[in-house]
Amino acid sequence: MRALARLGAALAAWTLLCAAAADPAERLPDPGQEARARALFQDVRCLVCQSESIDESEAPLAHDLRQLIRQQVAQGRTDDQIHAFLVSRYGEFVLLSPRLSLGNALLWAGPLLVLAVGIAALVMRRRAAAETDAQGLTVQEEAALSQLTDDEPV
Amino acid sequence: MIDELGQFALVLALALSLAQLGLSVAGRLRRDAALAGAGEGAAVGAFAALAIGFVALIHAFVTSDFSVLNVAENSHTAKPLLYKVAGAWGSHEGSILLWCLMLTGYGAAMAASGRLPFGLKAWAVACQGALGSLFIGYMVFASNPLARLTAEPVQGNSLNPLLQDPALAAHPPFLYAGYVGFSVVFSLAVGALAEGRVDPAWARWTRPWALAAWSFLTVGITLGSFWAYYELGWGGWWAWDPVENASFMPWLLGTALLHSAAVTEKRGALASWTVLLGLGAFTLAMMGAFLVRSGVLTSVHAFAVDPRRGILLLVILGVAAGSGLALYAWRAPTLKDEAVFAPISREGALFVNNVLLAAATATVLIGTLLPLIRQAIDGTPISVGGPYFNLTFTTLTVPALLLVPVGALLAWKRADAMGALQRLWPAAAVAVAGGLLALALVSPRSAVAAAGLAVGIWVVAGALVEAGERVRVFRAPWAEVGRRLAGLPRGSWGMTLAHLGLGVFALGAAFETAWRAEAGAALQVGQTMRLAAFELRLDRVDPHVVGPNYEAVRTELRVLDGAGRLVCAAAPERRVYAAGGQTTSQVAICPGILDDIYVTAGDQRDAGDGKAAYLIKAYWNPWVRLIFLGPLLMALGGVISLSDRRLRFAVPGRARQAAAPAPAE
């Protein structure tokens, strides 16, 4: 719950020096590295908050995680290495975009399945339509039809 | 006394809902109009009884009657009157009462409206009674909003200060009016399945309810998003938070429903799919309520949560949705769907739109539920957050957006795609030009954002071209254009406006997401910081502002543009509420025509030598207003459509006559 996390963080923050990803005191000196770190933050969950990334959170843990990631970025580690490090330390829960795995396959397979079923249905309708609609409409019928449906709203 | 009266009214409403169910079913089975009429009367009675209960609850809140548990837990004497009233639906119990009130309200409206055919109406009223009995039963036995305390406290706990906000006072009523509006569609779908008949007339009776529900839901979601934007102080407007998703899923499916019901109404096609969407939209609405109210989700907005009742809500969801879907599985194969259409036709485009919207709903649904499922199955906690949704949802909806102007220009049954595209070339040209312009002029350069803008322009311009085509602009003499304009049915105005709103939203979302800027600094009085092309200067700090039920530290800033001219004065606050001891951040927004400068004040810091610095965060949110304006235009389009003579609730007799020849069109 962002709200409650914020309330809790706000109370804690009176004693804290820094409080947000954009906080000048936390930033890395190299703007390229800082931009990379900010991009990484958006994919990392603030574990004590609820559905909030560490980029947004004011919680102390988010602050620590940001510091950790900034350090690793400054040490020249790649994004993959940093991700792997975070997962080994906190579990998959820490990543906001789930990894490709069998357990998560439904995330991508589900919508694709809906698409596939829909397209299949359209193709089957077309077959059925081709069989029953062989005679088609006469020119006059077409004209009458477009006259009738012309101004119909959806 | 009034509380007891209200309590009695709630129990009475349960009895009347059960009577509504029993009488309507008996009336239908024995073909007895008097019995069915009594069922309709019971529906109106249940609504009246709940209205009394609701007034009693509001009375308890307004008079700060702390002998009522609900009031003691959620109100406070120092709270402004608006929030005392809104407090009536701020709690779990109160929000369930509001849900039931609306459910019976829609039921009463359906029972009292026009001349639906006897069998369909009896089944629909019965189904509405069954839903009412389930939810009112839950309220009476497990979630009593008027339960008394034996020892009355002197003061109440007050409402969460974040919820004390005008947009949020209005947010639940609109949202629930949307959610629950789909219950009528659900009931009419059940009725149609029971009667074994889904025809264009059924679609015509159903569509106004779906339109009303969809319009309310659109406004409700927009209000919620607007609230999150300016109240939570994070500068964003959508987080793919589970509770946001819970409200978004019925909206997506409801949008699909509106389009598929149009096909069923005009062409008699997709009948069983429309019925399934009708069942699905309310199922997702109930699931939304369950997810939000049960506490199974970890969310930003789950404010009134009680896990013990979650299981009961889950049972209700299972019973209601399960019976509906079982009835569908049993009866749907008997529904006839004889109308044929070519893939390239208005029906074809709307069908593809439905497939894409269904897939988008699936993405949101799976993304929201998979963490729960994985946790239950193998105990692995995973997170599905913004990055996943942004990728999958955008991938699925961009093709749908591209299709909108094309579909609106295609003819029914069999259409000429090249002809439609030819008529759309001005829209395409403007869109491409706009995208290229953005690529060339706006920094930092972003091809994705430019493409997003082009898509938004395409939808907006496409809607205008479509409206122009309808009135034959540039093709007919101006006198005829004027005549056609005057004669255009409201339904087509509504469609144009809704599509326009969609495009406006897409423009805002693409622009804001790509080009928002943020800055943060610890400022002492007199110091400045830069935000995009602006300069923010901390003028003054008032550490002891006293509000009605809070104390605040107010930081007063001046926002200057590049040339040093004053843009506005911003005074964000850090508030501490006396009642709960909570701290909140009051955002200051400098509204432009399209853009916002958004300033929040954070903690105080020691800057050395006895001086204090204040952590100020600021965002420049370009075109953010379009994000909220677009959906409002969409809802307005829905309302205008609703006022179309042919769709009005009160004239189903005429609507039936008009609908009868529809299959022959």
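Residue numbers start from 1 in every chain, and the chains themselves are labelled A, B, ... in the order their sequence lines are given, proteins ahead of strands. Everything numeric in this text was worked out from a predicted model, so none of it was measured.
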Enquirer: So for A:Leu95, is it side chain, backbone, both, or neither that comes closer than 4.5 Å to the heavy atoms of chain B?
Expert: backbone
Enquirer: Could you tell me whether the side chain of B:Ser383 and the main chain of A:Val94 form a donor-acceptor pair under 3.5 Å?
Expert: no
Enquirer: Between A:Gly118 and B:Val355, what is the shortest heavy-atom contact and its length?
Expert: CA-CG2, 3.6 Å
Enquirer: What part of B:Ile382 is in contact with chain A, defined as an atom under 4.5 angstrom from a non-hydrogen atom: side chain, backbone, both or neither?
Expert: both
Enquirer: Looking only at heavy atoms, what is the nearest atom pair of A:Val114 and B:Ala359, with distance?
Expert: CG1-N, 3.6 Å
Enquirer: Can you measure from CG (A:Leu106) to CG (B:Leu365) and round to the nearest 0.5 angstrom?
Expert: 9.0 Å
Enquirer: How many angstroms lie between OH in B:Tyr388 and CG in A:Asp43, if you round to the nearest 0.5 Å?
Expert: 14.0 Å
Enquirer: Quick check on the interface: out of B:Pro387, B:Ala362, B:Ala358, B:Ala261, who has the most heavy-atom pairs with chain A under 4.5 Å?
Expert: B:Pro387
Enquirer: Can you tell if the side chain of A:Leu115 reaches within under 4.5 Å of the side chain of B:Leu356, non-hydrogen atoms only?
Expert: yes
Enquirer: Taking atom CD of A:Glu92 and atom CZ of B:Arg374, what is their separation to the nearest 0.5 Å?
Expert: 6.0 Å
Enquirer: Looking only at heavy atoms, which two atoms of A:Trp108 and B:Thr392 are closest? And how far apart?
Expert: NE1-CG2, 4.1 Å
Enquirer: Name all residues meeting the salt bridge (charged side-chain N to carboxylate O under 4.0 Å, His left out) criterion together with A:Asp64; count only those two or more places apart in sequence or in a different chain, and write none if there are none.
Expert: none
Enquirer: For B:Ile377, is it the side chain, the backbone, both, or neither that has a heavy atom closer than 4.5 Å to a heavy atom of chain A?
Expert: neither
Enquirer: Could you tell me the separation between the CG atom of A:Leu96 and the CH2 atom of B:Trp240, rounded to the nearest 0.5 Å?
Expert: 14.0 Å
Enquirer: Pick one of side chain, backbone, both or neither for B:Val263, based on which atoms fall under 4.5 Å of a heavy atom in chain A.
Expert: neither
Enquirer: Nearest 0.5 Å please: distance from the OG1 atom of B:Thr363 over to the CG atom of A:Leu112.
Expert: 8.5 Å
Enquirer: How far apart are the closest heavy atoms of A:Pro111 and B:Ile366, and which atoms are they?
Expert: CD-CD1, 3.8 Å
